[in-house]
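A note on names: the letters A, B, ... follow the listed sequences, proteins ahead of strands, and every chain is numbered from 1. Treat the numbers as computed from the prediction; the structure is a model and nothing was measured.
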Amino acid sequence: MLHIQNTLSGKKELFTPIHPGKVKMYVCGMTVYDFCHIGHARVLVVFDVITRYLRKVYGPDNVTYVRNITDIDDKIIARAIENGEDISTLTNRFIEAMHEDADALGVKRPDMEPRATEHMDEILEMVQTLIDKGLAYQGENGDVYYQVSQFKTYGQLAKKNLDELQSGSRVEVEQSKRDPMDFVLWKMAKLGEPSWDSKWGKGRPGWHIECSAMSVSSLGDHFDIHGGGLDLKFPHHENEIAQSEGCTGHKFVNYWIHNGFVRVDDEKMSKSLGNFFIIRDVLKTYAAEVIRYFILNSHYMSPLNYSDENLDKGKASLTTLYQALLEFDDIDPANTVIDEGSEYAQRFFQAMDDDFNTPMAISVLFDMSHEVNRLKGSDAESASLLAMQLKKLAELLGLLESNAQQFLQGSTSEGGLSDEAINELIEQRVAAKQEKNWSECDRIRDLLDAEDILLEDTPEGTRWRRK
RNA sequence: GGCUGAAUGGCAGAAUGGCUAUGCAGCGGAUUGCAAAUCCGUGUACCUCGGUUCGACUCCGGGUUCAGCCUCCA
């Protein structure tokens with residue numbers, strides 16, 4: 001029985017879909033004006049795993065996963081001007097980059113990927129409804145604002161009341177607002193800015209309304225799960241609730257899931273602090289799967305400290321797992337089904353059922369790998385079967401999907417030895433070995449070691465891998 | 001200032017009112033021409049002070065420290 005830590009209630013709750021057997025989930029995606037960093041990678045990977053598991057539990061076709069793209073906002077406009085480039089050229093470029101990064105990380109595409117600019121009608125309709133209901137007003141500057149004080153449960157998600165929020169407010173108060181906490185629904189366009197026609201004047205949507213419009217239009221006005229990074233909890237998600245529930249008059253989302261931050265030196269990784277690492281840069285040094293392992297080796301809510309040391313450890317851990325799979329590369333796990341009754345599968349599911357406890361699920365994978373290694377010597381058939389089970393369970397986390405040999409051998413780095421050169425040296429060493437010329441053997445090993453190539457002599461011959 | 005959430009062994013990171021997390025690194029052994037890999041074994045924890053309890057790292061309260069939110073951010 002799946003339990004989810006619900007940010008709305010602050011409690012771990014039994015997950016029950018609104019429509020039995022069907023799950024609808026919306027996750028706030030990227031604002032596309034720059035490359036994705038490791039913080040974005042965490043959202044992508046975490047919700048990819050959540051989706052994989054939901055599909056496992058409810059069936060692949062019974063889960064609808066929507067992840068939006070914000071392709072119009074102040075930062076995008078500013079960046080386009082800065083680059084002297086068209087807005088859509090800019091956003092399309094970074095949408096493509098985001099897809100490349102996500103693909104590299106083994107993140108499956110969501111079922112729907114709505115864009116803000118393609119949902120203007122729904123956005124305008126929502127703004128109008130909010131005005132009609134007395135929840136929104138047009139200020140003197142023309143902008144349309146949501147009147148927060150009119151929504152009595154405002155602050156329910158962030159667990160704050162309006163008084164607390166106002167007393168701590170550091171925001172420069174816009175004169176046209178009736179209350180400092182009111183937020184923009186529709187923003188008047190300045191000269192030269194992209195705009196859409198509306199009865200309030202040419203303008204563009206505020207940041208929060210688009211997500212209300214996109215989620216409601218793709219999943220309906222009441223759905224199961226809404227997710228995103230912790231930094232979106234307030235004000236973004238709080239405002240989404242105010243907008244959506246303000247429009248419909250009923251509950252918007254049952255379960256809110258927020259993933260924790262990635263930190264650098266115990267500080268939040270963020271664009272504003274400038275301490276962020278771009279996914280594609282990290283991929284130059286570490287395999288994508290190492291990043292994925294690093295992310296999943298801690299619970300999605302915990303803070304995650306980014307460092308080379310931690311990525312190195314992830315690489316070492318994955319190496320251990322792949323060593324166990326090394327002899328089974330030629331077996332296709334696609335023909336295998338998870339043995340649901342096995343103790344390992346039970347423990348794995350139990351971990352995942354408990355609010356997607358991926359670190360614990362991973363610990364089961366290690367137990368399995370040890371068992372595989374033990375069986376290798378005594379019962380090759382059982383070893384092979386268990387290895388396939390290991391791959392099948394790991395697949396739910398998007399791990400161990402690579403070819404073991406390829407993972408361990410990695411790829412030739414610039415100026416490094418080619419696979420052919422390595423194999424040639426190994427052959428020379430094998431010849432020396434037959435003559436029991438140990439000093440020559442060691443010379444070749446040391447030579448390769450200097451190139452970060454590690455040799456392993458096994459009864460079946462010499463294997464190698466890159467450090 | 002208000003609010004939220006953390007504090008676990010050398011490092012990373014889980015669970016749990018009494019019993020081994022797991023991984024990386026370390027140490028001992030098996031194995032090996034030497035290694036590596038693997039297997040077996042092993043040490044080091046639960047921020048602090050009180051309370052509840054037969055028993056608390058685990059529950060409750062105070063304190064300390066850290067992070068985050070209250071402003072754009074996944």
* Can you tell me, in whole Å, how much space there is between the C1' of B:A15 and that of B:U22? => 11 Å
* Asked: Between the main-chain N or O of A:Ala432 and the side-chain N or O of A:Glu435, is there a donor-acceptor pair closer than 3.5 Å?
  -> no
* Structure fact -> salt bridge (Lys or Arg N to Asp or Glu O under 4.0 Å) pairs touching residues 207-216 of chain A, sequence neighbours excluded, are none
* Atom CG of A:Leu318 to atom P of B:A12: distance rounded to whole Å? -> 19 Å
* Asked: Can you tell me if A:Tyr322 and A:Glu289 form a side-chain donor-acceptor pair at under 3.5 Å?
  -> yes
* Structure fact -> Atom CG of A:Leu157 and atom C1' of B:C3 are separated, to the nearest Å, by 13 Å
Quick one: which protein N/O atoms are closer than 3.5 Å to N/O atoms of nucleotides 65-68 of chain B? Pair and distance per line, please.
| residue | atom | partner | partner atom | Å |
| --- | --- | --- | --- | --- |
| B:A67 | O2' | A:Arg263 | NH2 | 3.2 |
| B:G68 | OP1 | A:Lys268 | N | 3.1 |

* Asked: In whole angstroms, how far is the C1' atom of B:A74 from the CE atom of A:Met98?
  -> 12 Å
* Protein-nucleotide distance (A:Asn259, atom CG; B:G5, atom C1'), rounded to Å -> 15 Å
* Indicate whether any N or O donor in one side chain lies under 3.5 Å from an N or O acceptor in the other, for A:Tyr145 and A:Asp179. => no
* Contact class for A:Arg79 (heavy atom, under 4.0 Å): base, sugar-phosphate, or nothing? -> nothing
* Structure fact -> Applying ring-ring contact (aromatic ring centres under 6.0 Å, His included) to A:Phe35 and not counting sequence neighbours gives A:Phe94
* To do: Remember a base hit wins even if backbone is also touched, and classify A:Leu455 as base, sugar-phosphate or nothing at under 4.0 Å, heavy atoms.
  => base
* Can A:Arg52 and A:Glu401 be said to form a salt bridge (Lys or Arg N to Asp or Glu O under 4.0 Å), step by step? -> CA-CA 14 Å; A:Arg52 283 174 192 242; A:Glu401 296 189 279; 3.5 Å; yes
* With sequence neighbours left out, what residues match A:Arg280 under side chain to side chain donor-acceptor pair (under 3.5 Å)? -> A:Glu100, A:Asp101
* Structure fact -> Testing B:A15, B:C39, B:G33 for proximity to the side chain of A:Asn373, the answer is B:C39
* Can you list every side-chain hydrogen bond (donor to acceptor under 3.5 Å, both in side chains) pair that touches residues 359-370 of chain A, not counting sequence neighbours? -> A:Arg347-A:Asp367
* To do: Report the distance from atom CG of A:Asn305 to atom C1' of B:A7, rounded to the nearest whole Å.
  => 14 Å
* Asked: Pairs counted as Watson-Crick or G-U wobble with both distances under 3.5 Å: what dot-bracket string results for RNA chain B, using | for bases tied to another strand?
  -> (((((((..(((.....[...))).(((((.......)))))....(((((..]....))))))))))))....
* With sequence neighbours left out, write down each residue that passes salt bridge (charged side-chain N to carboxylate O under 4.0 Å, His left out) with A:Asp143, or none if nothing qualifies. => none
Collect all protein-nucleotide pairs involving nucleotides 21-25 of chain B in which both atoms are nitrogen or oxygen and the distance is under 3.5 Å.
| residue | atom | partner | partner atom | Å |
| --- | --- | --- | --- | --- |
| B:G23 | OP1 | A:His370 | NE2 | 2.6 |
| B:G23 | O2' | A:Ser317 | OG | 2.2 |
| B:C24 | OP1 | A:Thr320 | OG1 | 2.5 |

* Return yes if a side-chain donor-acceptor contact under 3.5 Å exists between A:Asp353 and A:Tyr53, otherwise no. => yes
* To do: Using salt bridge (charged side-chain N to carboxylate O under 4.0 Å, His left out) as the criterion, list what pairs up with A:Glu82, not counting sequence neighbours.
  => A:Arg79
* Asked: CG of A:Asn6 versus C1' of B:U4: gap in Å, rounded?
  -> 15 Å
* Starting at OH of A:Tyr322 and ending at P of B:A37, how long is that distance when rounded to a whole Å? -> 18 Å
* Asked: Base, sugar-phosphate alone, or nothing: which one does A:Asp73 contact when heavy atoms must sit under 4.0 Å apart?
  -> nothing
* Asked: Got a sec, which residues hit side chain to side chain donor-acceptor pair (under 3.5 Å) with A:Thr91, two or more places apart in sequence or on another chain?
  -> none
* For the side chain of A:Leu232, counting heavy atoms from C-beta on, which of B:A74, B:G2, B:U71 is nearest? -> B:A74
* Asked: Hey, which of these two, A:Lys233 or A:Tyr300, hits RNA chain B nearer its 5' end, going by closest nucleotide?
  -> A:Lys233
* Asked: With a 4.0 Å cut-off on heavy atoms, is A:Lys376 in touch with a base, just the backbone sugar-phosphate, or nothing at all?
  -> nothing
* Asked: Taking atom C1' of B:C72 as reference, at what distance in whole Å does atom CD of A:Glu238 sit?
  -> 17 Å
* To do: Using heavy atoms and a sub-4.0 Å distance, could you list which residues of residues 430-444 of chain A are near RNA chain B? By number, please.
  => A:Trp438, A:Cys441, A:Asp442
* Can a donor-acceptor pair under 3.5 Å be found between the side-chain atoms of A:Arg42 and the base atoms of B:A74? -> no
* To do: Go through the structure and list residues passing ring-ring contact (aromatic ring centres under 6.0 Å, His included) with A:Phe183, not counting sequence neighbours.
  => A:Tyr146, A:His208
* Ion pair A:Lys233/A:Glu238, N-O distance below 4.0 Å -> no
* To do: Report yes if a donor N or O on one partner sits less than 3.5 Å from an acceptor N or O on the other, where the partners are the side chain of A:Lys159 and the base of B:C3; otherwise report no.
  => no
* Asked: Within the structure shown, what part of the strands sits under 4.0 Å from A:His37 by heavy-atom distance: base, sugar-phosphate, or nothing?
  -> base
* For the residue pair A:Phe252 and A:Phe223, is the inter-centroid distance of their aromatic rings smaller than 6.0 Å? -> yes
* Would you kindly compare A:Asn310 and A:Gly10 by the position of their nearest RNA chain B nucleotide and give the one closer to the 5′ end? => A:Gly10
* Asked: Which is true for A:Ser270 with a 4.0 Å heavy-atom rule: it touches a base, it touches only sugar-phosphate, or it touches nothing?
  -> base
